[in-house]
Engineer: 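Mind looking over this structure? Questions follow.
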Amino acid sequence: MTHADALRAELSRAARTLGAPDDVSPILERPRDPSFGDWATNLAMTLAKPLGKKPRDIAEALIAAMDMASVGVTAAEIAGPGFLNFRLDPGFQARGLLTILESPNTFGRLDIGHGERVVVEFVSANPTGPLHVGHGRQAALGDAISTLLEYTGWNVDREFYYNDAGAQIANLAKSTQAQVRAIGGAPLEIPEGGYHGDYIREIAERYVAEHPDDAAGDDLAAMQAYAVAALRHEQDLDMQAFGVKFDTYYLESSLYTDGSVNKTVEGLRASGHTYEEEGALFLRTTDFGDDKDRVMKKSAAKGGDYTYFVPDVAYHVTKWERGYHRAINVQGADHHSTITRVRAGLQALDIGIPKGYPDYVLHQMVTVMKGGEEVKISKRAGSYVTVRDLIDEVGRDAVRYFYLMRKGDSQLVFDVDLARSQSEENPVYYVQMAHARMCGIFRVGEIDATTVTGSGVDLGVLAEPAEQELVKQLLDFPATVKGAADNLEPHRIAAWLLETARAGHTWYHKHHVLGEPEAITRARLVLARATQLGIAAGLRILGLSAPERM
RNA sequence: GCGCCUAUAGCUCAAUUGGAUAGAGCAUCUGACUACGGAUCAGAAGGUUGGAGGUUCGAGUCCUUCUAGGCGCGCCA
């Protein structure tokens, strides 16, 4: 139980003695202005209506009813329209640090998920080209969201869905074939809707070298398989360079071969939500909030294939059937129209899948600037900036932090030319530096940091304002983790790290640890150790390294 | 035209989900290195939160409307 929990409980108890309902749950906040104290609550204002009294009178009664000493409160004041401000005993507050030292690996961890399984799907790029900067945002977001969920008690699987079937793959195969034939001397004719990137040429060259029997480029299936395998391998290397590991790779093609697509179509037909029109099969998605019905199966005149959303529905059925009762899809905002469609398909099947399944985290587009101009990202035209370029340019940590420091639903401008100069001022180094500094204290003092337990240390001497601020900041970590996990917003961790680093740097600069009177050195070592562990924990959630020296 | 997202300091972004005097970084200006790392610190300046109404003790946050931008609206994926 954190100190905030204890204070909340005491507030609830006091409120009930005044006649408040049993389920009263006071909200504690850190006041913006530290001169207002360490904790503040608006409880008296929210109770004004149900109790029929003035907020300030209720606040006074609450103060009288509370046992302040038991929760370390040294002063309580009423302010403004009825805020209650609490001031804490410094030593009482600092003892919260001991929980960090006792179990560094569980600091901030919560059990919201109760070990239930959740699948987080992200990147899911078609194997038709290298991963570009937009995929990088997904990789950073998806990975951090996954770690956040693990941190809060979920059993998480990271999944990559490969659209290795359908029209785009056929285009890839034909584009490869055109390049293979061009190598053989034929004029280069990239098909309509085909891919123009140089990487197709390279794949074709390797194909020719490894398939001397098909120099003419007649075996389209072989070229398709070869190109897909080559691009999947490239994408794997990209993700490896970014430090992202997937637990499962799910192939769209398998949904056809194992009968899932057919089963889904039969289920939808049986549901009564389908109809035929002009030779095509439609799903009445308007029954589930879509603005128009969608084609499931094209008419014979258009090829008679299933449209993409049919395997998409089948795919999400497998998620449910594989035991994931929670599913989160991280996708670019350009895919948002699929949300209604997929959910409609799952509802139409009526197989017990809840309405909001799956969850979506949409992120806005990434714009790339190069040479002062916007680079239009187009795989088909062959113009883009890859994730790997970015990592090579500025480093993994800086790229990850850059993606994660802002909310997903704001657009992101990535200026490639400024990437390097920005990287030197990237806040991630500021944060890592704070961690390295704490490590430096132990290095210079020749102290094994793991032996600092805080037992027998009087933490009451950590009374300097800079120390109290750092203590409070560190103890806010669990609440920050909860907020970030509940909202699937890793940028909150980035913001916490920045604040903590600032508080750490300030404290470090103002107050010396080593060479002080023993009582002070011992207490400050506890604070240094807690800061080191806290920052490392935050960095770990975002997938960033915590270097001991820089 | 319809749907989703966005608009906050010169720039890039926050704001504990409706709380008190809207905060950081970068850039600009002024200061601080003989102590654990100056990749740092202290300070200054910078705002009608796109406009207008509304809801209430209280609005950057919720509602209405307007403006501007992004994305989507296919028998493409």
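Naming convention: chains lettered A, B, ... in sequence-line order (proteins, then strands); numbering from 1 in each chain.
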Engineer: Can you list everything that forms a side chain to side chain contact (heavy atoms under 4.5 Å, CB included) with A/Lys298? Sequence neighbours excluded, please.
Structural biologist: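 Expected list: A/Lys302, A/Asp305, A/Thr307.
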Engineer: Between A/Ile441 and A/Ala495, which is nearer to the 5' end of RNA chain B once each is assigned its nearest nucleotide?
Structural biologist: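 Its nearest nucleotide being more 5', the pick is A/Ala495.
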Engineer: Does A/Ala494 have any side chain to side chain contact (heavy atoms under 4.5 Å, CB included) partners at least two apart in sequence or in another chain, and if so, which?
Structural biologist: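 Checked A/Ala494 against side chain to side chain contact (heavy atoms under 4.5 Å, CB included); matches are A/Tyr401, A/Met405, A/Leu542.
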Engineer: Just how far, in rounded Å, is P of B/rA15 from CH2 of A/Trp496?
Structural biologist: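 One finds 17 Å between P of B/rA15 and CH2 of A/Trp496, rounded.
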Engineer: Using atom P in both nucleotides, what's the gap between B/rA24 and B/rA9 to the nearest angstrom?
Structural biologist: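 One P to the other, the span is 15 Å.
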Engineer: What does A/Ala280 touch in the nucleic acid at a heavy-atom separation under 4.0 angstrom: a base, only the sugar-phosphate, or nothing?
Structural biologist: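 A/Ala280: base contact, heavy atoms under 4.0 Å.
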Engineer: Any base atoms under 4.0 Å from A/Arg30, or only sugar-phosphate, or nothing? Heavy atoms, all strands.
Structural biologist: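 A/Arg30: base contact, heavy atoms under 4.0 Å.
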Engineer: Report the relative orientation of the aromatic rings in A/Phe477 and A/Tyr151; use parallel for angles under 30°, tilted for 30 to 60°, perpendicular for over 60°.
Structural biologist: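 Answer is perpendicular, since the angle exceeds 60°.
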Engineer: Rounded to the Å, how far apart are A/Leu497 CG and B/rA14 P?
Structural biologist: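 Nearest whole value for this atom pair: 16 Å.
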Engineer: Does B/rG38 have OP1 or OP2 sitting under 4.0 Å from an N or O in the side chain of A/Arg437?
Structural biologist: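 Answer yes for this pair, as a side-chain N or O of A/Arg437 is under 4.0 Å from OP1 or OP2.
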Engineer: Name every residue in residues 296-311 of chain A that has at least one heavy atom under 4.0 Å from any atom of RNA chain B, in order of residue number, or write none if there are no such residues.
Structural biologist: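 Contacts with RNA chain B under 4.0 Å: A/Lys298, A/Ser299, A/Lys302, A/Thr307, A/Tyr308.
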Engineer: If the condition is salt bridge (charged side-chain N to carboxylate O under 4.0 Å, His left out), which residues does A/Arg400 pass it with, not counting sequence neighbours?
Structural biologist: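 For A/Arg400, the residues satisfying salt bridge (charged side-chain N to carboxylate O under 4.0 Å, His left out) (neighbours in sequence not counted) are A/Asp143.
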Engineer: Between B/rC36 atom P and A/Gln532 atom CD, what is the distance in whole Å?
Structural biologist: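 Atom-to-atom, A/Gln532 to B/rC36, this comes out as 18 Å.
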Engineer: Classify A/Ala479 by what it touches in the nucleic acid, base, sugar-phosphate, or nothing, heavy-atom distance under 4.0 Å.
Structural biologist: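 The answer is nothing, as A/Ala479 stays clear of every strand by at least 4.0 Å.
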Engineer: Between B/rC4 and B/rU64, how far is it from one P atom to the other, in whole Å?
Structural biologist: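 The same atom, P, in both gives a distance of 10 Å.
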Engineer: Should the heavy atoms of other residues, nucleotides or ligands under 6.0 Å from CZ of A/Arg443 be counted, would the total exceed 12?
Structural biologist: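 Enclosed.
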Engineer: Expressed in angstrom and rounded to an integer, what is the separation of A/Lys510 atom NZ from B/rG37 atom C1'?
Structural biologist: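 Computing the A/Lys510:NZ to B/rG37:C1' distance gives 20 Å.
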Engineer: Which residues pass the ring pair (Phe, Tyr, Trp, His ring centres under 6.0 Å) test with A/His491, not counting sequence neighbours?
Structural biologist: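 By the ring pair (Phe, Tyr, Trp, His ring centres under 6.0 Å) rule, A/His491 matches no residue at all.
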Engineer: Expressed in whole Å, how much space separates the P atoms belonging to B/rG60 and B/rA42?
Structural biologist: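 The same atom, P, in both gives a distance of 29 Å.
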Engineer: Could you work out, with salt bridge (charged side-chain N to carboxylate O under 4.0 Å, His left out) as the rule, every residue matching A/Lys297, not counting sequence neighbours?
Structural biologist: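 Per chain and number, A/Lys297 pairs via salt bridge (charged side-chain N to carboxylate O under 4.0 Å, His left out) with no residue.
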Engineer: By the 4.0 Å heavy-atom rule, please label A/Glu276 as base, sugar-phosphate, or nothing.
Structural biologist: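 No contact.
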Engineer: Does A/Asp57 have any salt bridge (charged side-chain N to carboxylate O under 4.0 Å, His left out) partners at least two apart in sequence or in another chain, and if so, which?
Structural biologist: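 Expected list: none.
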Engineer: Rounded to whole angstroms, how far apart are OH on A/Tyr401 and P on B/rC13?
Structural biologist: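 In whole Å, B/rC13 P lies 14 Å from A/Tyr401 OH.
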Engineer: For nucleotides 56-62 of chain B, which of its nitrogen or oxygen atoms have a protein nitrogen or oxygen under 3.5 Å away, and what is each distance?
Structural biologist:
none

Engineer: Given the structure, check if the side chain of A/His509 and the base of B/rG38 hold any donor-acceptor pair shorter than 3.5 Å.
Structural biologist: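 Counting by modelled atom types and ignoring angles, no donor-acceptor contact under 3.5 Å is found here.
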Engineer: Which is it for A/Ile535 and A/Met438 under the side-chain contact (heavy atoms from CB on, under 4.5 Å) test, yes or no, and what are the steps along the way?
Structural biologist: CA-CA 10 Å; A/Ile535 291 178; A/Met438 298 305 148; 5.6 Å; no
Engineer: Using a 4.0 Å heavy-atom cut-off across all strands, classify A/Asn42 as base, sugar-phosphate, or nothing.
Structural biologist: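 Answer is base: heavy atoms of A/Asn42 come under 4.0 Å of a base.
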Engineer: Can you name the residues that form a salt bridge (charged side-chain N to carboxylate O under 4.0 Å, His left out) with A/Arg294, not counting sequence neighbours?
Structural biologist: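 In terms of salt bridge (charged side-chain N to carboxylate O under 4.0 Å, His left out), with neighbours along the sequence ignored, A/Arg294 is linked to A/Asp290, A/Asp291.
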Engineer: Just by distance, with hydrogens left out, do A/Thr128 and A/Gln168 show a side-chain donor and acceptor under 3.5 Å apart?
Structural biologist: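 There is no such pair between these side chains.
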Engineer: Base, sugar-phosphate or nothing for A/Asn85? Non-hydrogen atoms, less than 4.0 Å.
Structural biologist: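 A/Asn85: base contact, heavy atoms under 4.0 Å.
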Engineer: Can you list every stem that RNA chain B is part of, counting only runs of 3 or more consecutive Watson-Crick or G-U wobble pairs with both distances under 3.5 Å?
Structural biologist: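 In RNA chain B, stems of three or more pairs: B:1-7 with B:67-73, B:10-13 with B:23-26, B:28-32 with B:40-44, B:50-54 with B:62-66.
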Engineer: Please walk me through it: do A/Lys355 and A/Arg343 pass side-chain contact (heavy atoms from CB on, under 4.5 Å)?
Structural biologist: CA-CA 7 Å; A/Lys355 260 189 174 175; A/Arg343 286 182 179 164; over 6 Å; no
Engineer: By centroid distance (under 5.5 Å) and plane angle (under 30°), are A/Phe83 and B/rA20 in a stacked arrangement?
Structural biologist: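 Per 5.5 Å and 30° rule: yes, stacked.
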Engineer: Could you check how far CE of A/Met405 sits from P of B/rC26, rounded to whole Å?
Structural biologist: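 To the nearest whole Å, that distance equals 10 Å.
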Engineer: If we take the C1' atom in both B/rG69 and B/rC62, what is their distance in whole Å?
Structural biologist: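 Going atom to atom, C1' in each nucleotide, I get 23 Å.
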Engineer: Quick one: classify the glycosidic conformation of B/rU17 as syn or anti, with syn meaning within 90° of 0.
Structural biologist: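 B/rU17: syn glycosidic orientation.
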Engineer: Would you classify A/Ala48 as touching base, sugar-phosphate or nothing, given that sugar-phosphate means primed atoms plus P, OP1 and OP2, and contacts are heavy atoms under 4.0 Å?
Structural biologist: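 Touches nothing.
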Engineer: When you compare the ring of A/Tyr430 with the six-membered ring of B/rA39's base, are the centres less than 5.5 Å apart and the planes under 30° from each other?
Structural biologist: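 Stacking between A/Tyr430 and B/rA39: absent.
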Engineer: With sequence neighbours left out, write down each residue that passes side chain to side chain contact (heavy atoms under 4.5 Å, CB included) with A/Tyr357, or none if nothing qualifies.
Structural biologist: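 Expected list: A/Lys319, A/Trp320, A/Tyr324, A/Ala327, A/Leu346, A/Ile353, A/Pro354.
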Engineer: Using the P atoms only, state how far B/rA7 lies from B/rU12, rounded to an integer number of Å.
Structural biologist: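 Approximately 12 Å lies between the P atom of B/rU12 and that of B/rA7.
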Engineer: Would you kindly compare A/Glu252 and A/Arg443 by the position of their nearest RNA chain B nucleotide and give the one closer to the 5′ end?
Structural biologist: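 Whichever sits nearer the 5' end wins; that is A/Arg443.
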Engineer: Which whole number of Å gives the distance between the P atom of B/rA15 and that of B/rC33?
Structural biologist: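 To the nearest whole Å, 38 Å.
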Engineer: Answer with base, sugar-phosphate or nothing: what part of the nucleic acid does A/Gln432 contact at a heavy-atom distance below 4.0 Å?
Structural biologist: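 Nothing, no nucleic acid heavy atom in range.
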Engineer: Using a cut-off of 6.0 Å, state whether more than 12 heavy atoms not belonging to A/Glu277 lie near its atom CD.
Structural biologist: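 Atom CD in A/Glu277 is packed in, count exceeds 12.
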Engineer: Are any of the side-chain nitrogens in A/Glu60 or A/Lys53 under 4.0 Å away from the carboxylate oxygens of its partner?
Structural biologist: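 Here A/Glu60 does not pair with A/Lys53 in a salt bridge, since their nearest N and O are not under 4.0 Å apart.
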Engineer: Hey, does the side chain of A/His505 come within less than 4.0 Å of B/rA42's phosphate (OP1/OP2), counting only N and O?
Structural biologist: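 Looking at the OP1 and OP2 atoms of B/rA42, neither is under 4.0 Å from any side-chain N or O of A/His505.
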Engineer: Determine: side-chain N/O of A/Arg502 to OP1/OP2 of B/rU40, distance under 4.0 Å, yes or no.
Structural biologist: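 Negative; the distance criterion is not met.
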Engineer: Give the ring-plane orientation class for A/Tyr250 versus A/Tyr315, where under 30° counts as parallel, over 60° as perpendicular and anything between as tilted.
Structural biologist: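 Geometry flag for A/Tyr315 against A/Tyr250: tilted rings.
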Engineer: Quick check on B/rU40: is either OP1 or OP2 less than 4.0 Å from any side-chain nitrogen or oxygen of A/Tyr508?
Structural biologist: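 Negative; the distance criterion is not met.
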Engineer: Rounding to an integer number of angstrom, what distance separates B/rU48 and B/rU28 when you compare their P atoms?
Structural biologist: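 These two P atoms come out 23 Å apart once rounded.
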Engineer: Contact list please: residues 511-528 of chain A against RNA chain B, heavy atoms, distance less than 4.0 Å, in numerical order.
Structural biologist: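 A/His511, A/His512, A/Val513, A/Leu514 - these, ordered by number, are the residues of the stretch whose heavy atoms sit under 4.0 Å from the strand.
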Engineer: Any donor-acceptor pair, under 3.5 Å, between the side chain of A/Asp334 and the base of B/rA77, if you only look at N and O atoms?
Structural biologist: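 No.
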Engineer: What interatomic distance, in whole Å, is found between P of B/rG54 and the corresponding atom of B/rC75?
Structural biologist: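 Rounded to whole Å, the distance is 46 Å.
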Engineer: Out of A/Arg30, A/Lys472, A/Arg87, A/Gln468, which residue meets the side-chain hydrogen bond (donor to acceptor under 3.5 Å, both in side chains) rule with A/Asp38?
Structural biologist: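 Single side-chain hydrogen bond (donor to acceptor under 3.5 Å, both in side chains) partner of A/Asp38 among A/Arg30, A/Lys472, A/Arg87, A/Gln468: A/Lys472.
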